[in-house]
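Every value quoted in this text rests on a predicted model; they were computed, and no experiment measured them.
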Amino acid sequence: MWKRHDGTLQKEKPVRKISSAFIIILSFALISLGGEAAPTRLLATATYLEMEDIGNPQISPGGSHMLFVRRSVDKMNDRTRSHLWIVDVKGKRLRELTHGRWSDFSPVWSPDGKRIAFLSDRDGTVQVYVLWPDSNEVAQLTHVEHTPVGLRWSPDGETLAFGMYLPVTQSPLPVTLPEFPKGAKLAEPAKVIDRIIWAYDGMGDIPKGFMHIFAVDAKTGGTPRQITSGDYTYHDPRHFWSCDPQWGHDGRTIFFAALLKPWDEVEMEINECEIYALDLESGDIKQLTERDGPDRGMRISHDGRWIVYTGFDDRNYADGNISSLYLMDIQGNKKRLLAGGFPSSPADVTWAPDSSGVYYLMAERGLSNLYFVSLDGNVRKITKGEHYLSSFTLADNGQAAAICSTPHRPGYLVTFSLGQPETLTTVVDVNSDVLKDVKLGEVEEMWFQSPDGLNLQGWLIKPAEFEEGKKYPLVLWIHGGPYAMYSVRWNWAWQNFAAEGYAVLYMNPRGSTGYSQDFVDGIQYSYPGKDYDDLMAGVDAAVAKGFIDTENLFVCGGSGGGILTSYIVGQTDRFRAACAMRPIVNYISAAGAADDPTDKYSWFKQPHWVDPLDWYQRSPIASVGHVTTPLLLMTGELDLRTPMGQSEEFFRALKMQRKDTLLIRMPNEYHGWRRPSHQILNQLYLRAWFEKYRTR
């Protein structure tokens, strides 16, 4: 039995439907990972510093080589660094293209496959570079003052387009100080703000300005040419620090997604974006879409005839909308739905080499696989498997590359042919050495039902040294978003807890993506709400396994998971201890302090000045008087997404009641930790807090 704070008692519910197929598959995965020798080590905390990451794979146009970004920890400077590596599709010649005490990233092959454009901070600022992979020669193309984003080659390989944010220097309220003595040391001037968004998480204060599209000669470099103008921002306004220019097949047109309206209108639109075509010769801009809702992610077919793009009809939701695939001709005519009704928004949309349709990745039910939809709308699944594919890239000959991950294997580079998609060949695995002979916790997929009958999916990780007949503490780990999906991807933190003798439960309550739009809509205007019941049903399902110590249940989560954690401890005394990382606890104050407040208003039917009671009652701070569970709060001092003041509000309310609580503030960290030592501290503090209250 466990008690809710309203005084009612609830029984732990039995599991109604459990699938054991996943654990059988993973048993074979463990055998292949460890070879014939039995695992001899556990996943120690120090392994975090040795783990590496592969990202942004780019297969060459001819399909013979794969380029990727390899990230590792710079222990001496407590940061991660990234460099470019290349390997042939057979995995026989792996070599480093760049190295140094800097980071290289965002590589893009030239159309002829002879050059690679990329971004690098090697001179102290981010600039555009070109590299010749046959000789490793590098040329710096730009010396710009602001940061380039979204590199795109022209079809002839002569030009590179990119976006760059240009600040506006004129103040909305100009004033002139009186003359001070020569050499006087004045205080920093005031910041005059006339926008809703004046800072962005991970960046801090951002000056008023606009994203514009530029072009630079891909051979000689020099001063980039600004090809857009005016007080408009030429990018998707909901993806602030990004730009996605797409060249037309003829090289005379650039397509982009934006909302070309005055900024005071743009910043109030949470779901508006259109696709435009820019004629490079005349400078004329033609609007191609006009949906009440966003159209973005356009990709031009290889024959130059079609544009595929993603979009949805606006329902005044923030990030809980699932996109469909749409098609129009290159002039913006003949618009139609190509494929829809997806469990999640399609990712990595890529045209087939013969322009017969598009490939896309689909995240669903914890997995991610490749699909294809033809121009007549026929959808078929290309890859199958209990894995998570990401970063799909396709060559002209049908050879593909992607990053693959499983619960026991961090992301590794794979290649496959579209003619034989059932065969995924591992090309590069940068963590096999670190995990060799490491005993990991077994992972079991679970299906169970919420109290109102909704089918739910989760996964339970057993302690690495699991023994039948013993009882183990359980950590319920809640994802953020809330519109996100836990999956079968590797997670170091969970496996490290398993190495310390904990079972870990992670699941997708309603509101998660990967199941349907209706499933996502389950928390609209009611978050937190029934997702709390879903999470408790997951704990019941784990307890029913028979090896969970019900006296040692713990809960944690970050961001949206921090919201739910701080809400949970106000509803029940079921958990021995809890940790809310980067939470929002007061929706009203968060809407006024977060970097992008507009989405918070879409979580409620009315703004808080019309219906403040609804905003307050759904805020975790409303039930802080009921909290009896020891609560640790962790936050970044520079966090602008869920500002530090949110954690401080909850902490002080608990301290005023003499409740067991601690507040940990990470210096110089935004929303989520960037520094490796802080990542490790997060894990150590979390474990220390649970150990402090764990009974033996």
Side-chain angles (χ1 to χ4, degrees), residues 19-35 39 41-43 47-48 50-55 57 68 70-71 91 344 347-348 361-371 381-392 400-416 421-447 457-464 466 477 479 484-499 503-508 512-514:
S19 170
S20 60
F22 197 52
I23 190 171
I24 296 172
I25 293 171
L26 288 173
S27 297
F28 284 104
L30 277 174
I31 293 171
S32 64
L33 178 64
R41 300 181 293 125
L42 295 176
L43 190 70
T47 58
Y48 185 86
E50 308 302 327
M51 302 289 290
E52 295 185 75
D53 177 60
I54 288 180
F68 61 92
R70 184 172 181 173
R71 303 181 188 92
S344 297
D348 297 346
L361 291 177
M362 180 54 58
E364 53 186 334
R365 296 174 177 247
L367 309 176
S368 174
N369 277 290
L370 184 67
Y371 283 77
K381 192 173 185 178
I382 303 300
T383 64
K384 298 178 182 179
E386 302 287 319
H387 53 224
Y388 196 98
L389 293 180
S390 59
S391 302
F392 170 73
I403 302 297
C404 187
S405 183
T406 68
H408 293 132
R409 200 172 177 188
Y412 54 100
L413 182 64
V414 298
T415 187
F416 58 94
E422 66 279 359
T423 304
L424 300 184
T425 302
T426 299
V427 183
V428 179
D429 186 343
V430 295
N431 291 297
S432 58
D433 54 345
V434 181
L435 296 179
K436 184 179 181 181
D437 300 330
V438 171
K439 189 173 186 179
L440 300 171
E442 294 181 359
V443 183
E444 179 179 355
E445 180 185 19
M446 302 192 307
W447 283 92
Q457 184 184 28
W459 295 264
L460 183 62
I461 304 178
K462 289 182 177 180
F466 178 81
W477 211 301
H479 72 60
M485 184 189 78
Y486 271 154
S487 68
V488 298
R489 281 179 286 186
W490 160 269
N491 187 291
W492 176 86
W494 299 341
Q495 285 290 350
N496 181 242
F497 258 91
V504 179
L505 169 66
Y506 58 103
M507 59 169 289
N508 291 318
S512 302
T513 55

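- The distance from the OG1 atom of Thr426 to the CZ atom of Arg409 is 4.0 Å, given to the nearest 0.5 Å.
- Between the Ser344 side chain and the Gly514 main chain, a donor and an acceptor come within less than 3.5 Å of each other.
- Summarising the geometry of Pro57 relative to Leu413, their closest heavy-atom pair is CB-CD1, 3.7 Å, with the distance given to 0.1 Å.
- The closest donor-acceptor contact from the side chain of Asn508 to the backbone of Thr513 lies at 3.5 Å or more, if one exists at all.
- The neighbour count for Arg71 CZ, taken as heavy atoms of other residues, nucleotides or ligands under 6.0 Å away, is above 12.
- Across Gly91 and Val427, no two heavy atoms sit closer than the pair CA-CG1, 3.7 Å.
- In this structure, the side chain of His408 engages the main chain of Gly441 through a donor-acceptor pair within 3.5 Å.
- Between the Asn431 side chain and the Pro410 main chain, no donor and acceptor come within less than 3.5 Å of each other.
- By the 4.5 Å heavy-atom criterion applied to side chains, Phe416 and Leu370 are counted as neighbours.
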Working for ring pair (Phe, Tyr, Trp, His ring centres under 6.0 Å), residues Trp477 and Tyr506: CA-CA 5 Å; Trp477 211 301; Tyr506 58 103; 9.4 Å; no
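- Listed for the Gln495 side chain is no donor-acceptor partner under 3.5 Å among the backbone atoms of Leu440.
- Taking OG1 from Thr383 and OH from Tyr371, the interatomic distance works out to 8.0 Å, rounded to the nearest 0.5 Å.
- Under the 4.5 Å side-chain criterion, counting only non-hydrogen atoms from C-beta, Val414 is not in contact with His387.
- A side chain to side chain contact (heavy atoms under 4.5 Å, CB included) with Trp494 is found for one member of Leu43, Val443, Val504 and no other, namely Val504.
- Shortest non-hydrogen contact noted between Leu361 and Ser368 is CB-OG, 4.2 Å.
- Residues Lys384 and Glu422 fail the side-chain proximity criterion, which asks for heavy atoms closer than 4.5 Å.
- Within a 6.0 Å sphere centred on NZ of Lys381, other residues, nucleotides and ligands contribute more than 12 heavy atoms.
- We find that Arg70 and Glu52 are joined by a salt bridge, their nearest charged nitrogen and carboxylate oxygen being less than 4.0 Å apart.
- Taking all atoms of both residues into account, the shortest heavy-atom contact from Ser512 to His479 is OG-NE2, 2.8 Å.
- When all heavy atoms of Ala402 and Leu389 are compared, the closest pair comes out as CB-CD2, 4.5 Å.
- When all heavy atoms are compared, the tightest approach of Arg365 to Met485 is N-SD, 4.0 Å.
- Remark: Ser390 OG to Ile54 CD1 distance equals 10.5 Å, nearest 0.5 Å.
- Counting only distance, with no hydrogens or angles, the side chain of Thr415 and the backbone of Thr425 share no donor-acceptor pair below 3.5 Å.
- No side-chain heavy atom of Ile461 sits less than 4.5 Å from a side-chain heavy atom of Asn491.
- Annotation: the span from Trp459 atom CH2 to Leu505 atom CG amounts to 10.5 Å, rounded to 0.5 Å.
- Contact check for Phe68 versus Ile403: no side-chain heavy atoms found under the 4.5 Å cut-off.
- Residue Leu367 holds its CG atom at 11.0 Å from CZ of Arg489, rounded to the nearest 0.5 Å.
- For the atom pair CD (Glu442) and CD (Glu444), the distance works out to 9.0 Å, reported to the nearest 0.5 Å.
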